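Let me begin by presenting the structure, written as structure tokens, before commenting on it.
All of these numbers come straight from a predicted model, not from anything done at the bench. Per chain, numbering begins at 1; letters A, B, ... match sequence-line order.
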Protein chains: 2
Amino acid sequence: MRKRLTDFRKELVDLLDGRGLPLNVKEIHESAGDSDLSTVYRALEYLESQGMVRSIFVPCSCDRSKYYYSAGKHLHFLHCERCHSFYPVPCAGMKKMEKKILDDYRFSVTEHVLLFMGRCEKCRAES
Amino acid sequence: MRKRLTDFRKELVDLLDGRGLPLNVKEIHESAGDSDLSTVYRALEYLESQGMVRSIFVPCSCDRSKYYYSAGKHLHFLHCERCHSFYPVPCAGMKKMEKKILDDYRFSVTEHVLLFMGRCEKCRAES
DNA sequence: GAATTAAATGCAAACAATTCGCGTTTTGTG
DNA sequence: CACAAAACGCGAATTGTTTGCATTTAATTC
């Protein structure tokens with residue numbers, strides 16, 4: 001038997017897809033019906049292994065847990081260190097960089113993590 | 001009294017500087033004399049707040065803890081998912097990207113996290 | 001240079017995020 | 001329909017990290 005993409009797991013993908021922003025496990029758990037936390041962890045692990053979701057660790061004082069987001073479109077995020085909002089930005093210029101890494105270091109990139117920390121427009125105005 | 005960069009903390013900076021590669025807390029603790037783990041954590045927190053060291057979270061099965069490295073030169077790293085080695089690469093092209101983010105989103109970047117996962121030359125040959 | 005005081009350290013306990021074991025339930029497959 | 005494999009729920013166990021507090025260290029003031 002080889003079947004893993006259960007309804008619940010699809011639901012998680014839809015959830016992340018719908019939000020379009022990274023959510024941590026707690027938020028996912030709360031938004032995903034009344035399932036067990038370990039089920040959520042197992043689901044996310046599976047989905048990530050299938051390349052359906054991605055995760056990042058955000059080095060911000062607000063939260064030291066992992067954030068998951070849909071891998072549907074390859075996005076990066078801006079994270080405001082003041083209001084802790086995420087802003088998606090398209091992934092651009094990375095292919096070229098990965099090509100250069102292959103040429104220069106003979107290292108073949110399968111994945112990259114890129115996150116920007118800083119201040120969003122609103123917070124820059126307010127402080 | 002305002003004094004914080006103790007000998008021990010300097011020692012940690014030197015250690016990370018010397019290695020030139022990210023180390024996790026366990027490795028740092030083992031390499032840093034016989035100090036308490038909490039002292040190591042407090043030291044790293046301080047050093048990071050001072051911008052003397054940086055940290056990244058590596059999304060690799062090998063280890064799910066944080067890695068610290070000297071902020072002396074701004075580097076990024078390649079991480080081989082097979083042998084789990086790190087390879088430093090200079091930070092290039094990011095300034096331009098940050099400029100674009102400021103222009104397009106009015107978001108001012110103070111820091112970025114960039115990590116490449118993949119296969120190193122040796123491992124590509126071996127498997 | 002001794003007294004004062006703030007910060008650092010070590011140690012043990014507390015936390016919080018994540019994982020594991022296992023009995024039960026669900027769901028493809030023959 | 002019976003069987004087998006995987007998913008789920010639940011509780012317990014791990015593990016990375018933080019905290020509280022008594023003690024030590026070191027800068028500052030007199």
Side-chain angles (χ1 to χ4, degrees), chain A residues 1-16 22-69 79 84 86 113 115, chain B residues 1-16 21-69 79 81 84 86 113 115:
Chain A
M1 186 187 295
R2 161 185 26 109
K3 155 220 60 152
R4 297 243 179 184
L5 188 54
T6 62
D7 288 351
F8 176 67
R9 292 173 180 186
K10 276 183 207 149
E11 204 182 298
L12 289 196
V13 176
D14 289 346
L15 170 67
L16 293 175
L23 298 179
N24 64 23
V25 175
K26 199 172 166 194
E27 294 166 331
I28 294 170
H29 182 224
E30 285 165 359
S31 308
D34 52 345
S35 55
D36 193 72
L37 238 192
S38 61
T39 301
V40 173
Y41 275 107
R42 283 189 268 239
L44 290 170
E45 181 195 27
Y46 165 73
L47 293 170
E48 190 165 18
S49 78
Q50 297 302 298
M52 304 178 73
V53 311
R54 294 172 187 281
S55 69
I56 44 171
F57 183 86
V58 181
C60 179
S61 60
C62 67
D63 190 315
R64 52 211 56 170
S65 63
K66 234 168 156 180
Y67 279 79
Y68 291 85
Y69 60 99
H79 180 79
H84 308 304
F86 285 99
V113 176
L115 175 70
Chain B
M1 188 185 292
R2 161 186 24 112
K3 155 223 57 155
R4 297 243 179 184
L5 188 55
T6 61
D7 288 351
F8 176 67
R9 293 174 179 185
K10 275 184 208 147
E11 205 181 297
L12 289 196
V13 176
D14 288 345
L15 170 66
L16 293 175
L21 297 172
L23 299 179
N24 64 25
V25 175
K26 200 172 165 193
E27 294 166 332
I28 294 170
H29 182 223
E30 285 164 359
S31 308
D34 53 345
S35 55
D36 193 72
L37 239 191
S38 62
T39 302
V40 173
Y41 275 106
R42 283 189 269 237
L44 290 170
E45 180 195 26
Y46 165 74
L47 292 172
E48 190 166 17
S49 78
Q50 297 302 298
M52 304 179 74
V53 310
R54 295 173 185 280
S55 69
I56 44 170
F57 182 85
V58 180
C60 179
S61 60
C62 66
D63 190 314
R64 53 213 56 172
S65 64
K66 234 168 156 181
Y67 280 80
Y68 291 84
Y69 59 99
H79 180 79
E81 293 176 317
H84 308 304
F86 285 97
V113 176
L115 176 70

Nearest whole Å is fine: how far is [N] [atom2] from [X] [atom1]?
{"X": "A/Lys26", "N": "C/dA17", "atom1": "NZ", "atom2": "P", "value": "7 Å"}
{"X": "B/Arg42", "N": "D/dT19", "atom1": "CZ", "atom2": "C1'", "value": "8 Å"}
{"X": "A/Lys66", "N": "C/dA16", "atom1": "NZ", "atom2": "C1'", "value": "16 Å"}

I'd like to check [X] versus [Y] (side-chain heavy atoms, cut-off strictly below 4.5 Å). Are they in contact?
{"X": "B/Phe57", "Y": "A/Val113", "answer": "no"}
{"X": "A/Val13", "Y": "A/Lys10", "answer": "no"}
{"X": "B/Ile56", "Y": "B/Val58", "answer": "yes"}

So, with a heavy-atom separation below 4.0 Å from DNA chain D, the residues of residues 33-41 of chain A are A/Ser35, A/Asp36, A/Ser38, A/Thr39

Within residues 44-58 of chain A: residues closer than 4.0 Å to DNA chain D (heavy atoms): none

Short side-chain to backbone donor-acceptor contact, A/Arg9 and A/Leu47, under 3.5 Å: no

Taken to the nearest 0.5 Å, the spacing of A/Leu23 CG from A/Lys66 NZ works out to 14.5 Å

Could you grab the distance from atom CG of B/Asn24 to atom CD of B/Glu30, nearest 0.5 Å is fine? 8.0 Å

Can you name the closest pair of heavy atoms from A/Ala32 and A/Phe8 and give their distance? O-CE1, 3.7 Å

Indicate the atoms forming the closest heavy-atom contact of A/Leu16 with A/Tyr68, along with that distance. CD2-O, 3.5 Å

Are B/Phe86 and B/Tyr67 close enough that their ring centres sit under 6.0 Å apart? yes

Go through residues 4-11 of chain B and report each residue with a non-hydrogen atom lying under 4.0 Å from DNA chain C, sorted by number. B/Arg4, B/Thr6, B/Phe8, B/Arg9

State whether the number of non-hydrogen atoms from other residues, nucleotides or ligands found under 6.0 Å of B/Glu45 atom CD is greater than 12. no

